[in-house]
Amino acid sequence: MRVFVTGASGWIGSATVDELLAAGHEVTGLARSEASAAALRAKGAHVRRGDLDDLDGIRAGATDAEAVIHLAAKHDFANPAASAAAERAAVQTIADTLVGTGRPFLLAAGVAGLTKGRPATEDDASSAHGPDSPRGGAENLALEFVDRGVHSVSLRFAPTVHGAGDHGFIAALVDIARQKGVSGYPGDGTNRWAAVHRGDAGRLVTVGLQKAPAGARLHAVAEVGVPTREIAEAIGRAFDLPVASIAEDDVAEHFGWIGTFFAMDLPATSTVTRELLDWTPTGPTLIQDLDAGAYSTR
């Protein structure tokens, strides 16, 4: 299958491209820089130069492909409205292009904010609708196109997709701990983060392309919820730092932009996804990665 992948050189995207190529698919990746383009070519993928704002390029890539996997995002936490607008525009462009074709359209989403007080499941619909909602309501927008002949599938990733080379949330927490000289956790540290290893996430995307029915919401989750205190303790062990609770009133000042996320309770299950796709995570856990030195090069 000819697959067009946005975010193809990113953290999850590069793992996904590896899995797609190994499964025999022909991949064209959207690349913002020549370095990213060179990395994709070295793997045996084709390249389309452009970024998330290049809607004409995204439209052309979707037109030429038999399936689209949308993993790109701006992740501009200083300007979330701009990130949400770019995400919605890209999803709208891809979905409009695929109307009536029945072609698969898989897009990245998340489990954060789906539920309160219990782990999120695949049956929990996102409450984000419209351009002013988180991520521009892109998940619901894409799923609305199922009735218009688009094989839309939501890929809901755990808050942390971890592994050696990660530059996401856990890497940010590591950097903060080293800068502050203490590995902190919010309050009593009982709030939880769902987690999945990068390799398992990439494999899920590929299996989802092959097996997921239209309208499916897939959960890329290996661990239902790792307590933030355990995360902080593992960072402390990895970098020989003291571990301490950070009072609720001090979380924003201590952790900066990531404090809001680290204080949230974000557990999620993947029971439905595992049964639907016959997908079983095999990678190391988040704590195993931290204990093994996956973040020691930062």
Side-chain angles (χ1 to χ4, degrees), residues 77 80 109-128 134-135 156-163 166-198 200-201 217 219-274 281 283-296 298:
F77 296 104
V111 301
L114 291 173
T115 58
K116 290 184 178 180
R118 64 171 177 82
T121 75
E122 294 88 341
D123 292 331
D124 291 312
S126 170
S127 61
R135 302 180 72 107
R156 290 176 169 174
F157 294 101
T160 173
V161 180
H162 57 87
D166 175 20
H167 53 271
F169 286 166
I170 297 301
L173 292 172
V174 166
D175 290 346
I176 291 167
R178 298 181 72 182
Q179 292 163 8
K180 300 283 187 177
V182 59
S183 181
Y185 56 88
D188 62 6
T190 57
N191 62 298
R192 302 152 293 173
W193 270 17
V196 66
H197 188 267
R198 173 176 174 256
D200 288 324
R217 296 186 287 255
H219 279 197
V221 171
E223 297 180 85
V224 172
V226 185
T228 53
R229 179 169 182 166
E230 292 184 15
I231 296 173
E233 289 172 344
I235 293 173
R237 288 194 301 271
F239 296 95
D240 194 23
L241 294 170
V243 179
S245 169
I246 306 300
E248 181 178 347
D249 291 343
D250 298 326
V251 165
E253 179 181 355
H254 182 88
F255 291 104
W257 65 269
I258 200 174
T260 299
F261 300 103
F262 201 37
M264 295 174 70
D265 191 41
L266 304 175
T269 66
S270 57
T271 303
V272 173
T273 298
R274 296 181 192 220
T285 67
L286 173 58
I287 301 304
Q288 287 172 341
D289 254 352
L290 282 163
D291 286 342
Y295 293 80
S296 62
R298 295 194 63 77

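Just so you know, these numbers use all the heavy atoms, side chains as well, and skip hydrogens, waters and symmetry mates. All values reported here derive from a predicted model rather than from experimental measurement.
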Please find the pair of heavy atoms, one from [X] and one from [Y], that lie closest to each other, and give the distance.
X	Y	value
Ile287	Ala234	CD1-CB, 3.8 Å
Thr269	Pro119	CG2-CB, 3.8 Å
Phe157	Ala201	CE2-CB, 4.1 Å
Glu122	Thr271	OE2-N, 3.9 Å
Arg274	Ala222	NH2-O, 3.1 Å
Val111	Ala158	CG2-CA, 4.2 Å

Check: Salt-bridged, Arg237 to Asp291, with N to O below 4.0 Å?
Finding: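 Between Asp291 and Arg237 there is a salt bridge, with a charged N closer than 4.0 Å to a carboxylate O.
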Side chains of [X] and [Y] in contact at under 4.5 Å (non-hydrogen atoms):
X	Y	result
Ile235	Leu290	yes
Val272	Thr121	no
Arg198	His162	no
Arg156	Thr273	no

Distance (rounded to the nearest 0.5 Å) between [X] [atom1] and [Y] [atom2]:
X	Y	atom1	atom2	value
Ile246	Glu253	CD1	CD	10.0 Å
Lys180	Asp175	NZ	CG	12.5 Å
Phe169	Leu266	CZ	CG	9.0 Å

Quick one: side chains of residues 182-196, donor-acceptor pairs under 3.5 Å with protein atoms, not counting sequence neighbours, listed by atom name and distance.
| unit_1 | atom_1 | unit_2 | atom_2 | d |
| --- | --- | --- | --- | --- |
| Ser183 | OG | Ala232 | O | 2.7 |
| Asp188 | OD1 | Thr190 | N | 3.1 |
| Asp188 | OD1 | Thr190 | OG1 | 2.8 |
| Asp188 | OD2 | Thr190 | OG1 | 3.4 |
| Asn191 | OD1 | Thr228 | OG1 | 2.8 |
| Asn191 | ND2 | Phe262 | O | 2.7 |
| Asn191 | ND2 | Met264 | O | 2.9 |
| Arg192 | NE | Asp265 | OD1 | 3.1 |
| Arg192 | NH2 | Asp265 | OD2 | 2.8 |
| Trp193 | NE1 | Phe261 | O | 3.1 |

Note to self: Less than 3.5 Å apart, any donor N or O on the side chain of Asp289 or Tyr295 sitting next to an acceptor on the other?
What the structure shows: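 No pair is found: no donor N or O on one side chain lies under 3.5 Å from an acceptor on the other.
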Going through the checks in order, is the salt bridge (Lys or Arg N to Asp or Glu O under 4.0 Å) test met by Arg118 and Asp124? CA-CA 11 Å; Arg118 64 171 177 82; Asp124 291 312; 2.8 Å; yes
Can any side-chain N or O of Glu223 pair as donor or acceptor with the backbone N or O of Leu286 at less than 3.5 Å?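 It does hold such a pair.
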- prompt: What residues form a side-chain contact (heavy atoms from CB on, under 4.5 Å) with Gln288, not counting sequence neighbours?
  reply: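 Listed in chain order: Pro284, Thr285.
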